[in-house]
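These notes are about the structure you will find just below.
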Amino acid sequence: MVKVALSGACGHVGTVLRRELPKHGIDLRSSVGLEPAPALHAGEDLTHGDLRDAAAVDALLEGVDVLIHMAGTSIERPLQEIIDNNLIALHAVYEGARRNGVKRVVFASSNHAFGMYGADVKLRSDAAYRPDGLYGLSKVWGEAMARMYWDKHGIEGICLRIGTTKDCPPEDFRQLSTWMGAKDLVALALRCIEAPVDFAVVWGISDNKRAYYDLSEGNRIGFAPQQNAEDFAPEILARPNRMNAVARSFQGGEFVTLDYTPPAQRPGAQRAG
Ligand code: 15L
């Protein structure tokens, strides 16, 4: 039987996968963060620790075939924190995958690696990166790392460009485009474990009518999302849209507004004035 490791098992995405994957017969080991956490059931295979530390990585990856790597900083944060958690820890995890003979790493990438695209654009999976901040930039590093470890070391890689995934319905206008429901998330994770593929990048969203992404690449791994954020559109559209004009204009939404330089304050505009 395939042994699967899950890092970040107490995060938004990890919480759903930790609970649901064993129901689908997956033999799962979960890393719950820096400190121990209570088991969900007797005999649950759990680890904890700092993933920059090789011993913590080995405790997670020994005897593992597939790692679903969801750990890391998941929002915009100061550079040092992003470097520690999303660059250095990711590198430590990939080196651990080499040491432990892990066959595949599923990497939690993000829509924020593309957040500076306009909200009126539909992206194919081969679109050029346009990160909307340090967090999105760290996902560019992560996707390139996944590619390198396949090309250079033969570790299969799937980069999941996750939209908005919490265990709840979409909550605002933007999420009508970016939402991925929990059922689709679990179906996607199962395809990531089982699909015969060497390297792929897949948009991690539901079959949303207003999707920012062309979902055909997901077909390569047999992912056919069944949920659609549009089912929740009537109630969301009845509420005011809280996002400002900048957040509404770009796919990355409110992430774009953090440390954003308005066009009138950019160097070119000042020279023209
Ligand atoms: C992400 O990548 C983040 O991890 C999450 O916190 C959400 O902000 C999500 O994207 C989103 O764009 O909604």
Side-chain angles (χ1 to χ4, degrees), residues 6-18 33 51 68-78 81-87 89-90 106-119 121-123 125 127 129-143 145-146 158-182 184-185 188-189 192 201-206 208 210-213 215 225 227-230 232-233 236 241-244 246-260:
L6 171 68
S7 69
C10 292
H12 284 310
V13 177
T15 296
V16 176
L17 297 182
R18 177 184 173 197
L51 293 177
I68 302 179
H69 183 60
M70 292 289 158
T73 294
S74 63
I75 53 174
E76 193 66 3
R77 293 290 296 159
E81 181 180 329
I82 300 266
I83 289 174
D84 285 340
N85 294 336
N86 293 10
L87 276 62
L90 185 68
V106 179
F107 168 63
S109 183
S110 168
N111 71 89
H112 293 287
F114 301 86
M116 294 308 296
Y117 279 98
V121 173
K122 196 150 193 142
L123 300 181
S125 57
Y129 297 111
R130 289 180 73 177
D132 58 27
L134 300 174
Y135 166 68
L137 203 50
S138 75
K139 296 302 181 182
V140 177
W141 160 272
E143 289 203 4
M145 186 169 279
I158 301 176
C159 299
L160 291 186
R161 295 165 173 177
I162 300 171
T164 307
T165 302
K166 297 176 194 160
D167 198 4
C168 63
E171 294 167 315
D172 60 30
F173 183 78
R174 174 175 174 270
Q175 292 178 18
L176 293 176
S177 302
T178 60
W179 182 71
M180 176 162 57
D184 282 338
L185 166 64
L188 175 56
C192 286
V201 290
V202 176
W203 300 107
I205 62 167
S206 285
N208 302 331
R210 301 171 203 237
Y212 293 148
Y213 320 114
L215 300 185
Q227 295 176 276
N228 188 337
E230 203 64 17
F232 303 91
I236 287 175
N241 185 345
R242 286 179 304 102
M243 293 197 305
N244 69 19
V246 172
R248 287 178 198 207
S249 308
F250 295 99
Q251 295 191 357
E254 280 164 339
F255 279 49
V256 176
T257 66
L258 304 171
D259 197 26
Y260 175 78

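We count ligands from 1, going down the list as the structure has it; atoms in each ligand are counted the same way. Position 1 is the first residue of the sequence, and the numbers go up from there.
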Proximal ligand 1 atoms for [X], defined as those under 4.0 Å from one of its heavy atoms:
| X | answer |
| --- | --- |
| Ser110 | 1 (C), 2 (O) |
| Ile75 | 6 (O) |
| Phe255 | 8 (O) |
| Ser74 | 3 (C), 4 (O), 5 (C), 6 (O) |
| Tyr135 | 1 (C), 2 (O), 3 (C), 4 (O) |

Quiz item: Do the charged groups of Arg174 and Glu254 touch, with an N to O distance under 4.0 Å?
Solution: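 Salt bridge flag = no for Glu254 with Arg174.
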Self-check item: Min heavy-atom dist Arg174 to ligand 1 below 4.0 Å
Solution: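 Yes.
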Quiz prompt | Residue-ligand contact Thr178/ligand 1, heavy atom below 4.0 Å | solution =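 Flag not set, Thr178 not near ligand 1.
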Practice problem: Tell me which protein heavy atom sits closest to atom 9 (C) of ligand 1, plus the residue, atom name and distance to 0.1 Å. | Solution: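 Protein heavy atom at minimum distance: Gly163 O, 3.3 Å.
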Exercise. If you have a sec, work out which protein heavy atom is nearest atom 13 (O) of ligand 1 and how many Å separate them, to one decimal?
Key: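 Ranked first by proximity to atom 13 (O) of ligand 1 is Thr164 OG1, 2.6 Å.
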Exercise. Please step through salt bridge (Lys or Arg N to Asp or Glu O under 4.0 Å) for the pair Arg161 and Glu143, ending with a clear verdict.
Key: CA-CA 9 Å; Arg161 295 165 173 177; Glu143 289 203 4; 2.8 Å; yes
Practice problem: Please work out which of the three classes, parallel, tilted or perpendicular, describes the rings of His112 and Phe255, given edges at 30° and 60°. | Solution: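 Because their plane-to-plane angle is under 30°, the rings of Phe255 and His112 count as parallel.
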Self-check item: Nearest atoms (heavy-atom pairs only) where Gly115 meets Phe250
Solution: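 Residues Gly115 and Phe250, closest heavy atoms: O-CB, 3.4 Å.
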Practice problem: Record the part of Thr165 in heavy-atom contact with ligand 1 below 4.0 Å; permitted values are side chain, backbone, both and neither. | Solution: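 Contact part for Thr165 vs ligand 1: neither.
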Quiz item: Backbone, side chain, both or neither: what part of His112 comes under 4.0 angstrom of ligand 1, heavy atoms only?
Solution: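 Within the 4.0 Å criterion, His112 contacts ligand 1 through side-chain atoms alone.
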Quiz item: Do the numbers put Arg130 on top of the ring of Tyr117, so that NZ or CZ is under 6.0 Å from the six-membered ring centre and no more than 45° off the axis?
Solution: yes
Exercise. Would you check if Ile205 and Tyr213 make a side-chain contact, meaning some heavy-atom pair closer than 4.5 Å?
Key: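 In contact.
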Quiz item: Can Thr164 and Gln175 be counted as having a side-chain donor-acceptor contact under 3.5 angstrom?
Solution: no
Quiz item: Between the side chains of Asn111 and Thr178, does any donor sit under 3.5 Å from an acceptor?
Solution: no
